[in-house]
Student: 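Sending over a structure as structure tokens; questions will come in a sec.
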Amino acid sequence: MKHLIKYLTVILVAISFIACSDDPPGMRVQNQNLNKANVQIKTVANTINQNDVQPGTTTNFQEVPEGRVEITAVIQNETVSPTSTFNAQVDHNYTIVILNSTPPAIRIDAANK
């Protein structure tokens, strides 16, 4: 009986650590525009530049700190540079989608990790 209580206690402690883990937000860029794009991602800690994102491609996820994020996309052959702002939360992945629209626009897709 003592061993059973000991094992149950270890299992409960392990479950509580797993349930309390917070993964940092992940971010990637998807270019649906017909021209290549340079995307600047300003976070509370630093600035990430995703340059030369080719049409029809998606970059890999990068971890970013939780908090306010400002996005600016400079698209080749376009005079308008779309922007967007949102708050990144732990345990979420975000896809910055450069839309093929006139004028160009940005959409932010969010999903749980």
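Counting from 1, the numbers follow the sequence of the chain as shown.
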Student: Under the side chain to side chain donor-acceptor pair (under 3.5 Å) rule, collect the residues that match up with Gln89, sequence neighbours excluded.
Tutor: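 So Gln89 forms no side chain to side chain donor-acceptor pair (under 3.5 Å) with any residue.
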Student: Could I get the full list of ring-ring contact (aromatic ring centres under 6.0 Å, His included) partners for Phe86, not counting sequence neighbours?
Tutor: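 For Phe86 the ring-ring contact (aromatic ring centres under 6.0 Å, His included) partners, ignoring immediate neighbours, are Tyr94.
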Student: Can you confirm whether Ile96 sits close enough to Ile106 that some side-chain heavy atom of one is under 4.5 Å from a side-chain heavy atom of the other?
Tutor: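 SC-SC contact between Ile96 and Ile106 confirmed.
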Student: For residues 75-90, which residue pairs qualify under salt bridge (charged side-chain N to carboxylate O under 4.0 Å, His left out), counting only residues two or more places apart or in two chains?
Tutor: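 Those involving residues 75-90 do not exist here.
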Student: Heavy atoms only: give me the nearest Val53-Asn31 pair and the separation to one decimal.
Tutor: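 Scanning both residues completely, I find the closest heavy atoms to be O-ND2, 2.8 Å.
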Student: Which residue pairs pass the side chain to side chain donor-acceptor pair (under 3.5 Å) test with at least one member in residues 102-113, sequence neighbours excluded?
Tutor: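 As it turns out, the side chain to side chain donor-acceptor pair (under 3.5 Å) pairs with a partner in residues 102-113, which skip direct neighbours, are His92-Asn112, Arg107-Asp109.
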Student: Going by ring-ring contact (aromatic ring centres under 6.0 Å, His included), name the pairs with one or both residues in residues 24-58, residues two or more places apart or in two chains.
Tutor: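 The answer is none; no pair qualifies.
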Student: Residues in side-chain contact (heavy atoms from CB on, under 4.5 Å) with Ala45, at least two apart?
Tutor: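 Result, side-chain contact (heavy atoms from CB on, under 4.5 Å) vs Ala45: Thr43, Pro65.
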Student: Between Thr95 and Ile108, is there a side-chain heavy-atom distance shorter than 4.5 Å?
Tutor: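 With C-beta onward as the side chain, the pair stays apart.
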Student: Kindly list each side-chain donor-acceptor pair under 3.5 angstrom involving residues 66-76, sequence neighbours excluded, with atom names and distances?
Tutor:
from, atom 1, to, atom 2, distance (Å)
Arg68, NE, Glu70, OE2, 3.3

Student: Sorted by first residue and then second, give each ring-ring contact (aromatic ring centres under 6.0 Å, His included) pair with at least one member in residues 30-75; sequence neighbours left out.
Tutor: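 Those involving residues 30-75 do not exist here.
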Student: Checking Asp23 side chain against Asp91 main chain: does a donor-acceptor pair fall under 3.5 Å?
Tutor: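 No; zero donor-acceptor contacts below 3.5 Å.
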Student: Met27 and side chain to side chain contact (heavy atoms under 4.5 Å, CB included): which single residue from Val64, Ile48, Val39, Thr59 fits?
Tutor: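 Testing each of Val64, Ile48, Val39, Thr59 against Met27, the sole residue satisfying side chain to side chain contact (heavy atoms under 4.5 Å, CB included) is Val64.
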Student: After noting the C-alpha distance and the side-chain angles of Thr58 and Arg28, does the key distance pass the side-chain contact (heavy atoms from CB on, under 4.5 Å) rule?
Tutor: CA-CA 7 Å; Thr58 303; Arg28 67 181 178 177; 3.6 Å; yes
Student: If you compare all heavy atoms of Pro104 against all heavy atoms of Asn33, which two are closest, and at what distance to 0.1 Å?
Tutor: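 Pro104 and Asn33 have their closest heavy atoms at CB-ND2, 4.4 Å.
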Student: Test: ring-ring contact (aromatic ring centres under 6.0 Å, His included). Region: residues 39-59. Which pairs qualify, not counting sequence neighbours?
Tutor: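 Not a single pair qualifies under ring-ring contact (aromatic ring centres under 6.0 Å, His included).
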Student: Go through the structure and list residues passing side chain to side chain donor-acceptor pair (under 3.5 Å) with Asn60, not counting sequence neighbours.
Tutor: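 Once residues adjacent in sequence are excluded, Asn60 has no partner under the side chain to side chain donor-acceptor pair (under 3.5 Å) criterion.
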Student: Would you please name every residue forming a side-chain contact (heavy atoms from CB on, under 4.5 Å) with Pro24, sequence neighbours left out?
Tutor: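 Checked Pro24 against side-chain contact (heavy atoms from CB on, under 4.5 Å); matches are Glu63.
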Student: Any idea which heavy atoms bring Gln32 and Asn100 closest together, and the distance?
Tutor: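 For Gln32 and Asn100, the tightest heavy-atom pair comes out as O-CB, 3.2 Å.
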Student: Enumerate the side chain to side chain donor-acceptor pair (under 3.5 Å) contacts for residues 48-57, please, sequence neighbours excluded, ordered by first and then second residue.
Tutor: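 Every pair satisfying side chain to side chain donor-acceptor pair (under 3.5 Å) with a residue in residues 48-57: Lys36-Asp52, Gln50-Gln62.
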